[in-house]
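In the text below, chain A, chain B and the rest are named by the order of the sequence lines, each starting its count at 1.
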2 protein chains.
Amino acid sequence: MITIEPPRLRAASDVPGGRRKQRVSMADVARLAGVSSQTVSRVANGAAGVVDTTREHVLAAMSELGYRPNSAARSLRYGRFNTIGVILFGLSSIGNSRTVEAIATHAAAEGYAITLIPVGAATQDNVMGAFTRMGELAVDGVVLIIEVHLLDASAVAIPPGVHVVVVDSDAGDRYPVVDTDQADGARQAVRHLLALGHRTVWHVAGPAESFAAERRAGAWRRVLEEAGRPVPAPERGDWSADSGYHAGLRLAADPDCTAIFAANDQMALGVLRALHERGRRVPADVSVVGFDDIADAGSYLPPLTTVHQDFAEVGRRCVDALLRQIHDEPTGAGTDLVATRLVIRGSTGPVGS
Amino acid sequence: MITIEPPRLRAASDVPGGRRKQRVSMADVARLAGVSSQTVSRVANGAAGVVDTTREHVLAAMSELGYRPNSAARSLRYGRFNTIGVILFGLSSIGNSRTVEAIATHAAAEGYAITLIPVGAATQDNVMGAFTRMGELAVDGVVLIIEVHLLDASAVAIPPGVHVVVVDSDAGDRYPVVDTDQADGARQAVRHLLALGHRTVWHVAGPAESFAAERRAGAWRRVLEEAGRPVPAPERGDWSADSGYHAGLRLAADPDCTAIFAANDQMALGVLRALHERGRRVPADVSVVGFDDIADAGSYLPPLTTVHQDFAEVGRRCVDALLRQIHDEPTGAGTDLVATRLVIRGSTGPVGS
DNA sequence: GAGCGTCATGTTTACGTAAACATGACTGCC
DNA sequence: GGCAGTCATGTTTACGTAAACATGACGCTC
């Protein structure tokens, strides 16, 4: 069969192996199968109204040529990309990576791919830059995992008409927000320690810019105040085990300190190490509670009592909320809170046990 | 000015807030600015040959209408998506998420976005399905982070003409592979323990399907054999701290066991816990070495001696290799190894110290 | 001052897909 | 046996962009 090869603008570039880089289009398949490209389209989309023999010819031609639909053309045609963008500062935090994983998995189940847009540091410029890039990206909606207050200032830069869901933020009055119920988790942790008989609870807080850290610290403070307990000055870490270690060293020096609530598990790990080095037994001398319930927490020495966050559920609800917007089911602003629960392990106990 | 509104197929769907979801095209901008859409295109792409006043008019029209380029159309035109796909089993492993983060960051710096394609479980079907989906995705190349042997069987399913780089695999004879030098890392770990005077070294291996686990175990065995030491039966875990804990309990029962090399830090954490519970001191009675050097490892009790992996470098080289392929600089198959180094902390010491 | 080059801008076209509309063949009914 | 209806398939067109080509207005040179 003689095929007329139209002149191609791209370099024809035959790979040594003999593979051609040229994309196969519906027209190519149609030519080989001896049908129109519209029929190929019908077969590709499983539309009715194609006779079996024709369908088989087309399918045969497709697999012979290795046809794959061109999603750019498809997106252009439909005005939809079937893609969700995720803007975040980094995957290094365990919570972020698990949330992203859940988003990816759930989005895939709904036929959406996800595009990751990392933002270097939490500077205004970077965030603005990400929004700009995002605007040009082929996405139908965006999940913002920004976790810092900067969102306020840069909110104006969110291009109109872009669907947005925000994770872990106080933007609930302007955008739909999905988040873990940080405050309730912190309350459970602090009340647990008070119930064990501790006079008050020390706190190793996360970085001041973090909204989650602030809410955990706020809830800690409120529970103590409501119970009429003294509120010790909080130590501040940066989420890392190392920063928790240094905070722990300071707290270990205070003989009154018998109960510590760390704003995440990794800082709690550092606290445990500091207490151990200073000869303060956990939980006999000091009780420690973390936050997150990462997979390793049950293997700390001792196994860590901590607040379980359901990252997977957060990711799932993000995707659901976004898809609702994309499908034109108007979702108002407001905050959707995912419940937390306290997991009691070996790092907490009654005072002086 | 009278604007003729062409009939739209999509629902016009005015959002209550007054925002219109309709995308603004170059033609819209051109109409408002009183120029042709080609001139708008020139301005948008910073092409020369547009007089300043015209450019300003166009820019003004752009910002008035909130114009954003349509990347689907752009991709269709160029035959390029400026997107790299990443196929992986999950982000739950710390190594994976850090590698992905590095890929995303480095790709962004090169003007590429990344699309995440999660594969549920390591079943043949799932992998094949991912390849199929991938084929339909708007990506210029793919990084495969599959880390299991399944790749062999499904390799045939990689659509021809798709650029691929594989992480952590033995596919080096068919595709470019970027990987950490697992074997060398394991060698350093085992030799370190032998140099401390331990008669031999026990091993807590990763899952049998994992290629990285196999290479670490292989190197461990070879070093022992070369040194003429007995090779204890390896314990097997699934990378989790919990599985390391159970392996550790079994090893703790063996009074001869004085040195343990765990295939990752999290299993090492579990081993530390088991040894602690069984009253075996680390490193006085037993030395422990991990693998990965995750951020927390320095805060374990005691701080963990471990093999440092440079995940960021792996991600960077993946992107570089892929871009080289995309830009038609032929990159042969072969393995690009990223060096590891042993980080000595407090969990290892001389025998009976 | 005629002719040519330069440069800003407009017009045409193609990228791959799929909806909308068009065509033609065959079936079944009276 | 002719006509309407059904159904498989073909043709046209639009999606938004940008390369290639076309046009027309200047200015400069000899």
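For A:Arg68 and C:dT17, the CZ to P distance is 11 Å, given to the nearest whole Å. Rounded to an integer number of Å, the gap from B:Met62 CE to D:dG16 C1' is 13 Å. In this entry the distance linking CZ of B:Arg77 with C1' of D:dA18 reads 4 Å, nearest Å. Put simply, CG on A:Asn82 is 15 Å from C1' on C:dA18, counting in whole angstrom units. The nearest whole Å value for the distance from the CZ atom in B:Arg80 to the P atom in C:dC15 is 18 Å. Regarding A:Tyr67, its OH atom lies at a distance of 10 Å from the P atom of C:dG16, rounded to whole Å. Between B:Leu76 atom CG and D:dT17 atom P there is a gap of 11 Å when expressed in whole angstrom units. We find that CG of B:Asp28 is positioned 12 Å from C1' of D:dC15, with the value rounded to whole Å.
Using a cutoff of 4.0 Å between basic side-chain nitrogens and carboxylate oxygens, B:Asp140 and B:Arg80 are not scored as salt-bridged. The pair A:Asp320-A:Arg317 does not meet the salt-bridge criterion, since no charged nitrogen lies less than 4.0 angstrom from a carboxylate oxygen.
To the nearest 0.5 Å, the span separating CZ on B:Arg316 from CD1 on B:Ile103 amounts to 12.0 Å. To the nearest 0.5 Å, atom OH of residue B:Tyr112 and atom OG1 of residue A:Thr115 are 14.5 Å apart. With rounding to the nearest 0.5 angstrom, the CD1 atom of A:Ile117 is 4.5 Å from the CD1 atom of A:Ile87.
For B:Ser41, whose side chain is taken as the heavy atoms from C-beta onward, the closest listed nucleotide among C:dT17, D:dA18, D:dT17 is D:dA18. Considering only side-chain atoms of B:Gln38, the nucleotide from C:dT9, D:dT17, D:dA19 that sits closest is D:dA19. Checked against C:dT9, D:dC15, C:dC15, the side chain of B:Arg42 finds its nearest nucleotide in C:dT9. Closest to the side chain of A:Val51, from the set D:dT9, C:dG16, D:dT17, is D:dT9. Residue B:Ser25 has its side chain nearest to D:dT17 when only C:dC15, C:dA19, D:dT17 are considered. The side chain of B:Met26 has D:dA18 as its nearest neighbour among D:dA18, C:dG16, D:dG10.
In terms of phosphate contacts, A:Thr39 brings a side-chain nitrogen or oxygen within less than 4.0 Å of OP1 or OP2 of D:dG10. For C:dT9, the OP1/OP2 oxygens have a side-chain nitrogen or oxygen of B:Thr54 closer than 4.0 Å. OP1 or OP2 of D:dC15 has not a single side-chain nitrogen or oxygen of B:Asn70 nearer than 4.0 Å. Proximity of B:Arg74 to the phosphate of D:dA18: a side-chain N or O atom is located under 4.0 Å from OP1 or OP2. Considering only side-chain N and O atoms, B:Tyr78 lies under 4.0 angstrom from the phosphate OP1 or OP2 of D:dA18.
Within the nucleic acid shown, B:Ser36 comes within 4.0 Å of at least one base atom, counting heavy atoms only.
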